[in-house]
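What follows is a short report on a single structure.
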Amino acid sequence: PFAERVRACARAVRKAAAATGIRTQYVPSLSGHLDQLRDEVRLARDEGIASVLIAPMVVGIPSFTALVSEFPDMAFMAHPALAGASRIAPPLLLGKLFRLFGADATIFPNHGGRFSYTPETCRLLADAARAPWNGLSPCLPVPAGGMVLARVAEMLDFYGPDTMLLIGGGLLAARDGLGEAAAAFVERVARHSYR
């Protein structure tokens, strides 16, 4: 259940930060009707969590914008579930509209991944998310979908430093070696960022 999972993960993140001195974030995924979403955001915030994951096209744009306005102290990472690719151009929907609705970060299928857009579409989407736009805060591009450790440098070179890399399945494939794979991911990003 959401509440048990969030409390357990938040506790583990605090414990790891205290032991290592390294701050990380757990970003729980929200679901449900508006009142449930509000309760989930409150619970996450009460546990010291600063960011949540939400699929605007699943929960509905009115619910998404309501949460953004009601919880200005939280960061909202938008997931592209049910966004489609053939109705609204991805740079417009995921890069501009999600940002306009209040997303602080926008996840999208990276080129060369398992659900990929073209490199041109990805570049346009990332640019739309970050470009100056009538005083609106920029939105962090989050390329995802079939990414692997071997592509870390390539993705950072392509998107630049103002990017969040989402490499879930590529890390989980390590199974019992998940801790080592996660450490390797962090090391590759840090090594690339300081060259």
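Keep in mind that what you see is a predicted model, and the values were worked out from it rather than measured.
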Inset, instruction - Specify the closest pair of heavy atoms between Cys122 and Phe158, including all atoms of both residues, with the distance to one decimal. - result: CB-CE2, 4.2 Å

Inset, instruction - Please report the shortest heavy-atom distance between Pro80 and Leu94, naming the atom on each side. - result: CB-CD2, 4.0 Å

Inset, instruction - Would you name the heavy atoms of Ala3 and Leu43 that are closest together and state the gap between them? - result: CA-CD2, 3.4 Å

Legend entry - Residue that, paired with Leu165, satisfies side chain to side chain contact (heavy atoms under 4.5 Å, CB included) out of Met147, Met155, Arg151: Met155

Inset, instruction - Let me know which of Met74, Gln25, Met77 forms a side chain to side chain contact (heavy atoms under 4.5 Å, CB included) with Ser51. - result: Gln25

Inset, instruction - Decide side chain to side chain contact (heavy atoms under 4.5 Å, CB included) for Arg38 and Asp35; before the verdict, give the C-alpha distance in whole Å, the side-chain angles of both, and the deciding distance to 0.1 Å. - result: CA-CA 5 Å; Arg38 286 179 174 124; Asp35 288 335; 3.0 Å; yes

Legend entry - Same apolar cluster (I L V M F W Y, side chains within < 4.5 Å links), Ile88/Val58: yes

Inset, instruction - Without swapping roles, check the side chain of Arg45 against the backbone of Ala50 for a donor-acceptor pair under 3.5 Å. - result: no

Legend entry - Non-hydrogen atoms of Gln36 and Gly32 that approach each other most closely: OE1-CA, 3.1 Å

Inset, instruction - Starting at CG of Asp39, measure out to CG of Leu34 and round the result to the nearest 0.5 Å. - result: 9.5 Å

Inset, instruction - Looking only at non-hydrogen atoms, find the nearest pair between Phe64 and Phe98 and report the distance. - result: CE2-O, 4.2 Å

Inset, instruction - Starting at CG of Leu97, measure out to SG of Cys139 and round the result to the nearest 0.5 Å. - result: 11.5 Å

Inset, instruction - Working to the nearest 0.5 Å, report the span between NE2 of His111 and CD of Glu120. - result: 12.0 Å

Inset, instruction - Drop me the distance from Leu156's CG to Arg191's CZ, to the nearest 0.5 angstrom. - result: 11.5 Å

Inset, instruction - Could you check if a side-chain atom of Leu171 sits within less than 4.5 angstrom of a side-chain atom of Leu178, using non-hydrogen atoms only? - result: yes

Inset, instruction - Compare all side-chain heavy atoms of Pro28 with those of Ile49 and state whether any distance is below 4.5 angstrom. - result: yes

Inset, instruction - Find the distance between CZ (Phe101) and CG (Leu67) and round it off to the nearest 0.5 Å. - result: 14.0 Å

Inset, instruction - Would you name the heavy atoms of Val13 and Tyr26 that are closest together and state the gap between them? - result: CG2-CB, 3.9 Å

Inset, instruction - Give a yes or no on whether the backbone of Ser31 and the side-chain of Glu40 come within a donor-acceptor separation of less than 3.5 Å. - result: yes

Inset, instruction - Tell me whether Leu124 is reachable from Met164 by hopping between hydrophobic residues (I, L, V, M, F, W, Y) whose side-chain heavy atoms are closer than 4.5 Å. - result: no

Inset, instruction - Treat each ILVMFWY residue as a node, draw an edge where side-chain heavy atoms are under 4.5 Å apart, and state whether Ile54 and Leu100 are in one component. - result: yes

Inset, instruction - State plainly whether one hydrophobic cluster holds both Phe76 and Leu93, where clusters connect Ile, Leu, Val, Met, Phe, Trp and Tyr through side-chain heavy atoms under 4.5 angstrom apart. - result: yes

Legend entry - Short side-chain donor-acceptor distance under 3.5 Å, Tyr117 and Asn110: no

Legend entry - Hydrophobic cluster membership, Val27 vs Leu166, 4.5 Å side-chain cutoff: yes

Inset, instruction - Starting at OH of Tyr159, measure out to CG of Asp127 and round the result to the nearest 0.5 Å. - result: 10.0 Å

Legend entry - Residues Arg14 and Glu47 bridged, charged N to O under 4.0 Å: yes

Legend entry - Arg99 (side chain) donor-acceptor with Asp104 (main chain) under 3.5 angstrom: no

Inset, instruction - Report yes if the side chains of Trp133 and Lys96 come closer than 4.5 Å at any heavy-atom pair, otherwise no. - result: yes

Legend entry - Any side-chain heavy-atom pair of Ser63 and Leu37 under 4.5 Å: yes

Legend entry - Side chains of Pro91 and Thr121 in contact at under 4.5 Å (non-hydrogen atoms): yes

Legend entry - Note, Pro143 side chain near Thr163 side chain (heavy atom, < 4.5 Å): yes

Legend entry - Non-hydrogen side-chain atoms of Leu53 and Leu30 separated by less than 4.5 Å: no

Inset, instruction - Would you indicate whether the side-chain heavy atoms of Arg188 and Phe185 approach each other to under 4.5 Å? - result: no

Inset, instruction - Could you tell me whether Arg130 and Asp162 make a salt bridge, using a distance below 4.0 angstrom between a side-chain N and a carboxylate O? - result: no

